[in-house]
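Take a look at the structure set out below.
All heavy atoms count here, side chains included; hydrogens, waters and symmetry mates do not. Chain identifiers are assigned alphabetically (A, B, ...) following the order of the sequence lines, protein sequences preceding nucleic acid strands; residue numbering begins at 1 within each chain. Quick caveat, the model's predicted, so the values are computed rather than measured.
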Amino acid sequence: MSVRTRFAPSPTGYMHIGNLRTALYEYLIAKANNGDFILRIEDTDQKRFVEGATDIIYSTLKRVGMLWDEGPDIGGNFGPYIQSERKPIYAEYAHKLVELGGAHYCFCSKEQADEEKDEEQNIKFEDPCKRIPLEEAKKRVAAGEPFVIRQTINKKGKSKYHDEVYGDIEIDYDELDEGVLLKSDGFPTYNFANVVDDHLMQITHVVRGNEYVSSTPKYNLIYESFGWTPPHYVHVPPVMKDAQHKLSKRNGDASFQDLVAKGYLPEAIINYIALLGWNPGDDREIFSLDELKKVFSIERLNRSPAIFDIVKLTWMNGQYIRQLSEDEFFAYAEPYLKQTLTRNVDIKALARVLQPRLEVFSDIPSQIGFINNVAEFDTTLYINKKMKTDQAVAKQALAFALERLKTVNDWSNDNLFAELKALAEEKGLKNGQIMYPVRIALSGRETTPGGATEIAVIIGKNETLRRIENALERL
RNA sequence: GGUCCCAUCGUCUAAUGGUUAGGACAUCACCCUUUCACGGUGGUAAUAUGGGUUCGAGUCCCGUUGGGAUCACCA
């Protein structure tokens with residue numbers, strides 16, 4: 001039997017990182033086994049539905065290259081793939097489950113049910129409707145009385161099942177809640193819809209957050225009543241924001257689209273989150289999606305929560321940026337460059353010096369601001385012990401450099417560097433005693449992307465000479 | 001509170017019951033260098049805690065502590 005996994009998000013907003021990681025694991029399990037990855041939209045709660053959320057799901061999965069084999073937009077043999085379009089199916093199976101004894105009609109209002117519960121004394125909700133004879137209940141349903149269908153749990157003792165990550169799990173049947181399966185509006189709850197759909201869609205591996213570990217026995221009971229075989233369960237620990245809080249959209253924690261907007265590459269994000277809770281068993285860390293397909297295995301999934309570390313993601317993003325070809329890098333960087341530059345400069349040369357030192361694209365504006373104009377700076381900037389420079393050395397060096405640069409016509413980095421190096425030698429100075437002051441004069445900043453001559457090439461000859469003259473006036 | 005789950009450097013993690021407890025990020029130092037980076041080399045840094053089993057425990061068992069999850073007509 002071929003492996004079939006499903007990603008089943010509810011369209012309630014943007015794609016958060018934990019969700020994306022679950023999708024990734026689903027995808028990898030399927031693809032590592034030559035199986036199918038199915039996309040199903042769980043929109044049974046109309047109150048939480050957010051317009052456009054489905055499109056975000058589509059675009060995110062496409063952007064990272066996790067293409068689905070069946071789904072709402074492309075169809076498949078097990079559709080429809082949107083739960084709201086499957087409403088009659090759930091009703092049919094819910095009533096069937098009642099006949100099979102796995103559920104019963106309940107006429108209590110939500111308020112009544114709440115009152116029955118006493119959380120203080122840990123008394124569970126004992127639904128009085130359980131005792132209504134089926135024939136009588138059916139009559140009331142037929143008569144149009146509002147009802148829900150509630151799971152019936154009469155079993156005693158321990159429920160056991162195997163989880164691929166957590167191992168064997170045992171939970172007492174008494175702990176299980178007789179939850180609502182079919183709501184009064186006719187929609188199923190997750191508790192029911194996921195079982196019916198996973199079975200009908202022949203899902204073999206269910207990956208979901210470990211908050212479902214303790215409710216899984218309820219689902220198994222449903223499978224049992226219908227005589228169906230439950231899937232393999234792969235419960236994964238949450239992705240945390242810190243030691244005690246999950247990453248959540250409510251807190252405004254980073255979503256996939258937030259990260260992309262900040263200049264993180266989708267490939268780097270996928271690579272990073274794959275490693276949050278999974279490892280390949282060796283020291284390798286950089287993996288493309290295709291490479292992950294080859295090495296991924298359920299056995300190496302971790303049981304404990306992992307804290308999302310933006311610092312490491314940032315490092316990894318830097319690795320990916322460096323792997324980009326010059327053209328690819330330019331394509332990503334161009335919008336940021338154009339948005340901040342007010343001066344006409346050699347934008348390609350600028351991109352070249354930026355690529356090896358950038359970790360996130362959103363750092364570009366702050367890194368290249370000096371290209372537009374040189375901010376006021378204190379002349380103590382010229383003091384650098386290692387370069388053996390100070391204001392006096394700078395004054396001399398800049399004067400020499402100005403004089404020499406005026407005569408240079410081949411304004412390439414190689415030539416400029418050669419000229420200034422030769423100049424230093426002629427004047428009996430160290431390279432740094434020329435280069436450092438020139439760079440400061442051109443940028444007004446202690447740190448810059450690129451060295452003195454690289455900056456000179458980018459801003460051009462006229463501007464270079466003008467900036468050196470200005471700097472000299474202030475010394 | 002009941003139940004379930006989890007626990008190795010600050011963070012992500014590795015370690016058939018036998019290693020000087022390994023790697024990566026971060027951090028520090030040095031090297032490279034026209035700055036800053038990149039890159040390279042090295043350092044600091046961990047088995048929550050108490051018992052037990054064993055010749056030997058990060059690893060197995062029990063307790064403690066700490067953390068998380070769950071107990072919805074949300075998923």
Side-chain angles (χ1 to χ4, degrees), chain A residues 8-10 12 42-45 47-48 106 108-110 113-114 117 119-122 124-125 148-150 163 166-167 169-172 174-177 179-185 187-191 193-194 208-215 217 235 237-238 240 242-246 272 275-286 300 302-316 318-319 322 353-359 367 384 386-387 416-417 420-421 424 430-440 443 445-455:
Chain A
S10 51
T12 55
E42 307 218 332
D43 60 344
T44 56
D45 185 1
K47 291 189 284 293
R48 297 208 307 162
C106 170
C108 303
S109 68
K110 190 179 185 313
D114 285 343
K117 279 189 275 193
E119 290 181 8
E120 289 296 309
Q121 292 183 40
N122 203 35
K124 299 183 61 60
F125 173 58
V148 300
I149 291 181
R150 215 174 252 286
D163 184 86
Y166 287 95
I169 304 286
E170 269 191 20
I171 288 168
D172 202 297
D174 285 340
E175 290 296 322
L176 270 27
D177 216 55
V180 170
L181 265 22
L182 199 72
K183 302 186 251 186
S184 51
D185 63 3
F187 276 99
T189 59
Y190 168 84
N191 299 322
N194 94 86
R208 51 157 75 125
N210 70 2
E211 65 267 26
Y212 292 99
V213 165
S214 43
S215 48
H235 287 106
M240 310 292 283
D242 57 43
Q244 36 266 89
H245 303 284
K246 264 195 198 188
Y272 177 70
L275 263 24
L276 276 182
W278 175 86
N279 75 82
D282 58 31
D283 290 340
R284 204 170 151 208
E285 290 196 306
I286 303 295
R300 299 207 66 92
N302 219 294
R303 288 176 309 281
S304 41
I307 298 174
F308 181 85
D309 182 8
I310 190 77
V311 175
K312 182 146 187 180
L313 201 213
T314 303
W315 165 79
M316 195 171 272
Q319 298 293 306
R322 250 144 263 138
V353 301
L354 235 23
Q355 184 169 3
R357 47 206 112 210
L358 208 61
E359 287 195 309
Q367 289 224 30
N384 184 303
K386 215 170 148 191
M387 295 300 132
L416 285 174
F417 184 67
L420 291 185
K421 197 173 170 185
K430 287 174 50 97
N431 285 347
Q433 289 177 305
I434 297 276
M435 301 298 187
Y436 191 87
V438 169
R439 193 179 60 83
I440 298 296
S443 67
R445 295 193 0 174
E446 189 177 5
T447 66
T448 53
T453 57
E454 285 166 317
I455 294 171

Contact nearer the 5' end of RNA chain B, comparing A:G277 with A:N384: A:G277
Watson-Crick or G-U counterpart of B:A15, or none if no pair lies under 3.5 Å: none
Euclidean distance, atom CD of residue A:E285 to atom C1' of B:G23 [Å, nearest integer]: 7 Å
G-U wobble or Watson-Crick pairing nucleotide for B:A45 (cut-off 3.5 Å, both distances): none
Any-strand Watson-Crick or G-U partner of B:G10, both distances under 3.5 Å: B:C25
For B:U20, the Watson-Crick or wobble partner whose two distances fall under 3.5 Å: none
Euclidean distance for P, B:U41 against B:A24 (whole angstrom): 9 Å
Nearest-Å distance for atom pair CD1/C1', residues A:I455 and B:U35: 8 Å
Nearest-angstrom distance, C1' atom, B:A46 to B:A7: 12 Å
Separation of atom CD in A:E446 from atom C1' in B:A37, rounded to whole Å: 13 Å
Expected output: side-chain A:R208 to main-chain A:N210 donor-acceptor under 3.5 Å: no
Counterpart base for B:A69, defined by Watson-Crick or G-U wobble contacts under 3.5 Å: B:U3
Separation between the C1' atoms of B:G63 and B:C9, rounded to whole Å: 27 Å
Distance in angstrom units between A:E454 CD and B:U33 P, rounded: 15 Å
side-chain contact (heavy atoms from CB on, under 4.5 Å) against A:K312, all qualifying residues, sequence neighbours excluded: A:Y272, A:E285, A:D309, A:W315
Worked verdict on A:M435 versus A:F417 for side chain to side chain contact (heavy atoms under 4.5 Å, CB included): CA-CA 9 Å; A:M435 301 298 187; A:F417 184 67; 3.3 Å; yes
Chi-based syn or anti call at B:C9, which uses purine or pyrimidine torsion atoms and a 90° bound: anti
Separation of the C1' atoms in B:U8 and B:A14, to the nearest angstrom: 10 Å
Phosphate-side-chain proximity, A:T44 and B:C74, N/O vs OP1/OP2 below 4.0 Å: no
Out of B:U34, B:A15, B:C74, whichever nucleotide has its closest atom nearest the side chain of A:T453: B:U34
Spacing between A:H235 atom NE2 and B:A75 atom C1', to the nearest angstrom: 13 Å
Those residues that, when tested against A:D283, pass side-chain contact (heavy atoms from CB on, under 4.5 Å) (two or more places apart): none
A:T448 side chain, from C-beta outward: closest of B:U35, B:A75, B:C71: B:U35
Check: B:C73 base within 3.5 Å donor-acceptor of A:S184 side chain: yes
Any donor-acceptor N/O pair, A:R300 side chain to A:W278 backbone, under 3.5 Å: no
Assigned partner base of B:G39, Watson-Crick or wobble definition, under 3.5 Å: B:C31
Same-atom distance (P) from B:U44 to B:A21, integer angstrom: 14 Å
Sugar-phosphate only, base, or nothing, as touched by A:V148 at under 4.0 Å among non-hydrogen atoms: base
A:R303: partners by salt bridge (charged side-chain N to carboxylate O under 4.0 Å, His left out), with sequence neighbours left out: none
Sugar-phosphate only, base, or nothing, as touched by A:M316 at under 4.0 Å among non-hydrogen atoms: nothing
Any donor-acceptor N/O pair, A:Q433 side chain to A:K430 backbone, under 3.5 Å: yes
5'-most by nearest nucleotide on RNA chain B - A:K421 or A:N279: A:N279
Side-chain-base donor-acceptor pair under 3.5 Å for A:K386 and B:U33: yes
A:K47 vs B:A72: side-chain N/O to OP1/OP2 distance below 4.0 Å: no
Separation of the C1' atoms in B:C30 and B:G22, to the nearest angstrom: 24 Å
Residue A:E211, side-chain heavy atoms: nucleotide from B:U70, B:U34, B:A15 that is nearest: B:U70
Euclidean distance for C1', B:G17 against B:G58 (whole angstrom): 11 Å
Whole-angstrom distance between B:A57 and B:G39, as gauged at atom P: 41 Å
Backbone N/O of A:T12 and side chain of A:S10: donor-acceptor pair under 3.5 Å: no
Heavy-atom neighbours of A:K183 NZ exceed 12 at 6.0 Å: yes
Heavy-atom donor-acceptor pair, A:R439 side chain to A:E446 backbone, under 3.5 Å: yes
Spacing between A:R284 atom CZ and B:C12 atom C1', to the nearest angstrom: 17 Å
Side-chain (A:R48) to main-chain (A:D43) donor-acceptor, under 3.5 angstrom: no
Atom-to-atom span, CG of A:N431 to P of B:U33 - whole angstrom: 10 Å
Aromatic-base stack, A:Y190 on B:C74, cutoff 5.5 Å, angle under 30: no
Sort me out a list of protein N/O and nucleotides 38-43 of chain B N/O pairs below 3.5 Å, or just none if empty.
from: B:G39; atom 1: OP1; to: A:Q319; atom 2: NE2; distance (Å): 3.4

Side-chain donor/acceptor of A:D242 to backbone N/O of A:H245, under 3.5 Å: yes
Separation of atom OH in A:Y436 from atom P in B:A37, rounded to whole Å: 12 Å
Polar side-chain contact A:Y212-B:A69 base: donor and acceptor under 3.5 Å: no
Sugar-phosphate only, base, or nothing, as touched by A:F187 at under 4.0 Å among non-hydrogen atoms: nothing
Qualifying residues under ring-ring contact (aromatic ring centres under 6.0 Å, His included), relative to A:F187, sequence neighbours excluded: none
Base versus backbone protein contacts along nucleotides 3-11 of chain B [heavy-atom cut-off under 4.0 Å; B, S, -]: SSSSS---S
